[in-house]
Number of protein chains: 4
Amino acid sequence: MLIGEKKFDRAPFRYGIVGGGRTSNVGYKHRLGAMRDNTSFVLTAAAFDLDFDRCKDFGKNLGMDESRLYPDYKTMFEAEAKRPDGIEVVDIATPNFQHFEVCKAALEAGLHVICEKPLFFKIEEGIEIQKLAKEKNRAFCVTYGFSGFDLLSQMRAMILNGDIGDVTMVDLRYAHGFACDPTGDQQAEGQKWRVDPAKSGPSFVLGDLSTHTFYMSELVCPHIRVTELLCDRQSFIKSRAPLEDNAYVLMRYDNGAVGRMWASAVNAGDMSSQHIRIVGTKASLEWNDMHPDELQYQVQGQPIQTLVRAMDYLAPEALEYERLGALHYTGLIESWSNLYNRFAVVMDATDRGDQETIDKMVYPDLAHGVDGIRWVTKCVESADKGAVWVKFDD
Amino acid sequence: MLIGEKKFDRAPFRYGIVGGGRTSNVGYKHRLGAMRDNTSFVLTAAAFDLDFDRCKDFGKNLGMDESRLYPDYKTMFEAEAKRPDGIEVVDIATPNFQHFEVCKAALEAGLHVICEKPLFFKIEEGIEIQKLAKEKNRAFCVTYGFSGFDLLSQMRAMILNGDIGDVTMVDLRYAHGFACDPTGDQQAEGQKWRVDPAKSGPSFVLGDLSTHTFYMSELVCPHIRVTELLCDRQSFIKSRAPLEDNAYVLMRYDNGAVGRMWASAVNAGDMSSQHIRIVGTKASLEWNDMHPDELQYQVQGQPIQTLVRAMDYLAPEALEYERLGALHYTGLIESWSNLYNRFAVVMDATDRGDQETIDKMVYPDLAHGVDGIRWVTKCVESADKGAVWVKFDD
Amino acid sequence: MLIGEKKFDRAPFRYGIVGGGRTSNVGYKHRLGAMRDNTSFVLTAAAFDLDFDRCKDFGKNLGMDESRLYPDYKTMFEAEAKRPDGIEVVDIATPNFQHFEVCKAALEAGLHVICEKPLFFKIEEGIEIQKLAKEKNRAFCVTYGFSGFDLLSQMRAMILNGDIGDVTMVDLRYAHGFACDPTGDQQAEGQKWRVDPAKSGPSFVLGDLSTHTFYMSELVCPHIRVTELLCDRQSFIKSRAPLEDNAYVLMRYDNGAVGRMWASAVNAGDMSSQHIRIVGTKASLEWNDMHPDELQYQVQGQPIQTLVRAMDYLAPEALEYERLGALHYTGLIESWSNLYNRFAVVMDATDRGDQETIDKMVYPDLAHGVDGIRWVTKCVESADKGAVWVKFDD
Amino acid sequence: MLIGEKKFDRAPFRYGIVGGGRTSNVGYKHRLGAMRDNTSFVLTAAAFDLDFDRCKDFGKNLGMDESRLYPDYKTMFEAEAKRPDGIEVVDIATPNFQHFEVCKAALEAGLHVICEKPLFFKIEEGIEIQKLAKEKNRAFCVTYGFSGFDLLSQMRAMILNGDIGDVTMVDLRYAHGFACDPTGDQQAEGQKWRVDPAKSGPSFVLGDLSTHTFYMSELVCPHIRVTELLCDRQSFIKSRAPLEDNAYVLMRYDNGAVGRMWASAVNAGDMSSQHIRIVGTKASLEWNDMHPDELQYQVQGQPIQTLVRAMDYLAPEALEYERLGALHYTGLIESWSNLYNRFAVVMDATDRGDQETIDKMVYPDLAHGVDGIRWVTKCVESADKGAVWVKFDD
């Protein structure tokens, strides 16, 4: 257990945030993830909002120094670069269409980057940023914010340990119903840009939702890779076309496994939206994000087992970030905190040139971010061709 | 509530059974379904087994008259036809490959027919039997044995009543793991013929499992119809090829809805095998056969509702066959009993020429049985072409 | 697996029923329990109802021979005794106040007895019947109808095997809310007599409900016995006083264990009414009758296990009466059928003087029935003294 | 939604902590609760540990200023009082036996107090501190850390709104199995003092566990009060006597309701330890801390409803502290954060003399803390007299 102690030998990283202001739901998660324990990151500067007055008002209310609140990211990067106590890290929580330019500017300014998913609109943009990050030797972390739960680490450990046999099926689902009502498309600030192709990119739910769950599958099954996929997508609310509000995907993997994804924002009434089930030749593992501290382990021919977070019988990987003790159940913020904690360790190791630490760390890095773009790109390509099979890597 | 009273004005139907003997799991369900209340059917004759001694021993142990136990169905039909108290109905619980010939012989002998699913190997066979049944004016009932649960009637009533809005998605699953271990293919009597194409037909899990759940979807959504489907099937146990032990299907419906089916016998460790979720524009309904007396009704933006069998708030259709009262939970046999009860009513109405009763009765009839053949045929066709879209009705 | 075959070498027992007619919910369960497989019992005669016309109409509708339908139990016993094919067993499903006189008359007529719970009003009556049954050498079975579930047999086997360590706590609950509304007391035929002390006896929910669960605790923990108890009872619907509609009981056992019972008909909205949890020094077992095919096995410090009916890993006792196979879930009628099957075996063994079979059979016998009377008597005594501790056996 | 903004117009409160150091599980929760949003409290000073070196090492690792780390609370209060930026609040997370002296010293030093439960050993101590707090005009908050969940606020709002009718039953449970193994009594730092009467007080599980759940019942049912109770307590691990590791309590309330509590640390294998069910004349509400974002609302005769956190249909009280949005599930730390947020508002209002804000705020105050002492005192009194009824307020 950490009990909130620091995992590296330096002061917390000073970070600045772009986007994620007063009306941003996800911005709050970024700040809380970074804040946990107050030992990894300290919120130092921000360009929260296109509306600079709202940015300032919000930042002051958070107790920030007004002089570190900026009208836009460019001004922030420039001003902070001149200070001896300037930011070391940028955290990007804007709508998707801005990710690429802000990432690029941040890396050029010599900052480590934490960026929201889906990363960019095009695979090529991902490859360009990969080159730049390598050249600048900066850490690049992607906030697949659901992926830090302890029991996903357990799932990975068990699968790699062979506890389910060979993986045969990967069943994925991120399907809620909060966009059943089209009025949100006009009225809800967080919804509006997501159904605007100019801001959201080539997809709605494939990018917004399923990239999370697809990364989870990469996290828990790092040893297999999609080779082909087929996607059928729909716009049940017609005004959303060409963006889909529902999509079915079939996958084929390099080891012979097959998989499915269901991404939806019109799965009316569902409150346990994100599920992952990995089937093996002798057992299955199943997890959902409504009850993230429970993991079903189903061995064919044996009693069903429910593993619970924080118990001694778990793998070391599932206990390394555990803070609260058994019976004290966790929520989404613990997942974000675990991720930010790992991000800080990776950044410190990058600064110190400690490649071993970086290589050992399991976290959503730039390669996973690019795979997310690839996922969306290929799904859209398949769907637009009439739901046919397309190669994943070409 | 019935409290077990008769629903028609004649003695119980005398029925004979073909197959379903001592080692048959499903035979027992047929007998129990028919037996419930002892008011609809009476087991009168049987050709239980290819091994006549085992047939006789078993029949006597059930308390049957030895003279009504027969070495095969032909002998039975012939002998019974000569008796004034001969059987009126035949119940066919053999492996799939015999269904066609026994059905044909039964109809020609003037018997009503109750037959196991999947009905036959080919759509043409189904059409031939449809003609014959019409010509002979006999009732033909298919034992989709899971389809008699009261809460499936509730689901149908709510969907037809518009309680979920317009149907947008049909999510189906019959996926267990009991064939993970290939040794059953050699050793288990009930498993052996299922993986032999000569006896099982062109598919394993598509026919054996998913026809049940596909019929359920027809039952609860009678107003929409599949227009196209795409199936990817696998033989994870290689010796089963070309028969699949796992299959993914995508569907498109005539009203714009889409759907999925997952059929599997290698979904390791899963004990709640059969699920059906119907999503509408404003709410969803979800049911699974492990907890058949509960139905989730999820209206977007409202508390999740769990409807429970036998409660007054249910639709009349869901209470018509209810026998036990609230808090007294039911199992699979109640489903079978409800079906057999309806079969008897349909047979009686057929004998009486009461078309109105037949038309009003909701039960798995020959058309549904033929749709099951079509389902398997089209899935196999799609899969064998490389998992491409095929028309459902052509 | 039985697959419905007979367990003894004689024809099914001919039985007559007293009470349990058209409006009786429980009568239907008796008939179905006896009917299962048509190999153990055959319904031969009945005095279903105080209203003889209704009795006849109902019996005929069940397909019974009109000459075996009687206006009352005395006439039935007398007439049947004269027939060579007269009844051998009586099944008593009347309101409680008639149990004693009918049991007595039945034993005196040389019949085996199956009787509803709670048996009688007074412990002394139980002792008198015990003497008479012994003298007449007749089997006496009590329909604690929930006690035949396979997983209760599993629970018993595991506890006796030491799988939970030493028993420390017995937590019992039969608490629903179906009598929240007092209008049922006036209007519902099944409810009216239950709140009338003349017909129901000294208690309402203690007798009607908690005797079931108390017997379950005796079934699964046969090796420990209550020594003292304390009961606080309430009449939340005041017109029911002195009969309680809610009761809390604390127990102390001879091995140092403690226990609790909650009996209620005013636990508003609860649909999973009957629960039993046995805690041991190292693990617990928990079961409820809403999901009777699942048993939680919770070992301290290990993953939670859910055992499922019909699986090979269960104890032989839990598989002996299993008929349907894994994934085919059961309901209350299977529990009743299992009991009736055992009753028939006990009756046959009694007729044959086979004491060994009787001794080995686990079923609710007369001693358990008398313990049920004792349970109610002592609870009421404690409550009426102000909820103080009283000795169980005195 | 707060999105983390400040709720009052001043800088965060500077607080010092007593106890809660490196090995303290609960200390971490205090720090995280206080830290949320970095807008309410700032950790300024600490006397974490009896071992001063460990205190310093730990504090530095948390990034604290070494000069604000103290060997004991007296030194801390004295030194901080001399600083213009000295602490304003003390947070007490020591073993129980120190609570009284530290609270007294803190109030005398003019500090607001946040103190762990159970407060003190004797009711008189509670009354003395009540007087002192009033005299010094300081806020006093008790960390019933599970009581800040949004859905407990919902439960309270619904009960006060009459949604369940009149309260008839209060069913409480905090029963886990983590002390089944007695070796923890010798070896686990957090367990050792809890089974030592000198440090823990007159009880183990009644104080350590059930005070939480009892406060919850006061929170959700503020309009009724226990008048009498009866407690039977056991030491299943004999070396713990006279401290109980299990206790059953029965309660009677001033409105005619009745209740139960089960407190246990030997309920082997249970992972959903804390449950609260409130039954009313027409409906019930049930919540457990394993799935704290779900609330069951069971209206007799209607479908079961599950209310989910963050949904618009909830009462304003259940949404006031909501931060994450629907589908983003919370854990124990959100509960602590909500409490600390309220504590800060109460402290600010106390400083400003704003009695209206204080009166409106729903939080565990000193009166609730004293009720917790009373609860333990009366339970122990009843148990030690042989489990007899005792008055609650005398």
Side-chain angles (χ1 to χ4, degrees), chain A residues 1-7 11-12 20-29 31-32 35-39 42-43 57-58 60-64 145-146 174 176 178 190 270-274 289-294 306 308-309 311 323-335 337, chain D residues 1-7 11-12 20-29 31-32 35-39 42-43 57-58 60-64 145-146 174 176 178 190 270-274 289-294 306 308-309 311 323-335 337:
Chain A
M1 229 188 291
L2 286 178
I3 309 285
E5 297 185 62
K6 248 196 313 194
K7 300 202 80 168
R22 177 165 284 157
T23 62
S24 166
N25 202 310
V26 83
Y28 185 61
K29 279 141 203 155
R31 294 199 307 282
L32 276 194
M35 185 187 301
R36 179 61 57 92
D37 308 331
N38 276 339
T39 52
V42 56
L43 178 57
D57 188 54
F58 182 62
K60 283 189 287 184
N61 223 331
L62 296 184
M64 294 179 69
F146 295 92
Y174 196 152
H176 64 65
F178 280 81
D270 199 302
M271 296 302 296
S272 72
S273 51
Q274 198 165 190
D289 73 346
M290 192 175 193
H291 298 148
D293 285 358
E294 292 156 60
T306 305
V308 182
R309 198 192 56 82
M311 294 297 286
R323 293 160 165 93
L324 299 184
L327 298 180
H328 294 159
Y329 294 97
T330 68
L332 182 56
I333 298 308
E334 274 76 21
S335 172
S337 298
Chain D
M1 228 188 290
L2 285 180
I3 308 284
E5 296 186 61
K6 251 198 310 194
K7 298 202 82 168
R22 177 165 285 156
T23 63
S24 167
N25 201 310
V26 83
Y28 185 62
K29 279 143 203 152
R31 293 198 308 282
L32 276 195
M35 186 186 301
R36 176 60 54 94
D37 308 331
N38 277 337
T39 52
V42 55
L43 178 57
D57 189 55
F58 182 62
K60 283 188 289 183
N61 223 329
L62 295 184
M64 295 178 69
F146 295 92
Y174 195 153
H176 65 64
F178 280 81
D270 200 303
M271 296 301 297
S272 72
S273 50
Q274 201 165 188
D289 72 345
M290 193 176 192
H291 298 148
D293 285 356
E294 293 156 60
T306 305
V308 182
R309 197 192 55 82
M311 294 298 284
R323 292 160 166 93
L324 301 184
L327 298 181
H328 294 158
Y329 294 97
T330 69
L332 182 56
I333 297 309
E334 274 76 21
S335 171
S337 300

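The chains referred to below are lettered A, B, ... by the order of the sequence lines, with proteins before strands, and numbering in each begins at 1. Keep in mind it's a predicted model, so treat the numbers as computed, not measured.
The six-membered or imidazole ring of D:Phe146 lies near that of A:His328, with a centre-to-centre distance under 6.0 Å.
For a residue to count as touching a neighbouring chain, one of its non-hydrogen atoms must lie under 4.5 Å from one of that chain's; by this rule A:Asp293 does not touch chain D. Only the side chain of A:Glu334 comes within contact range of chain D, judged by heavy atoms closer than 4.5 Å. With a threshold of 4.5 angstrom between heavy atoms, A:Thr39 approaches chain D through side-chain atoms but not through N, CA, C or O. In this structure, the portion of D:Glu294 lying under 4.5 Å from any heavy atom of chain A is its side chain and not its backbone.
The residue among A:Val308, A:Asn38, A:Ile333 with the most heavy atom pairs within less than 4.5 Å of chain D is A:Asn38.
Interatomic distance, A:Asn61 CG to D:Lys7 NZ, rounded to the nearest 0.5 Å: 11.5 Å. Here OH of A:Tyr329 is found 7.0 Å from OG of D:Ser272. Values are rounded to the nearest 0.5 Å.
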Query - Derivation of the side-chain contact (heavy atoms from CB on, under 4.5 Å) call for A:His291 and D:Met290 - result: CA-CA 9 Å; A:His291 298 148; D:Met290 193 176 192; over 6 Å; no
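At least one side-chain heavy atom of A:Met311 sits under 4.5 Å from a side-chain heavy atom of D:Met271.
Contact record, A:Asp289 with D:Leu327: OD2-O, 4.3 Å, taken as the closest heavy-atom pair.
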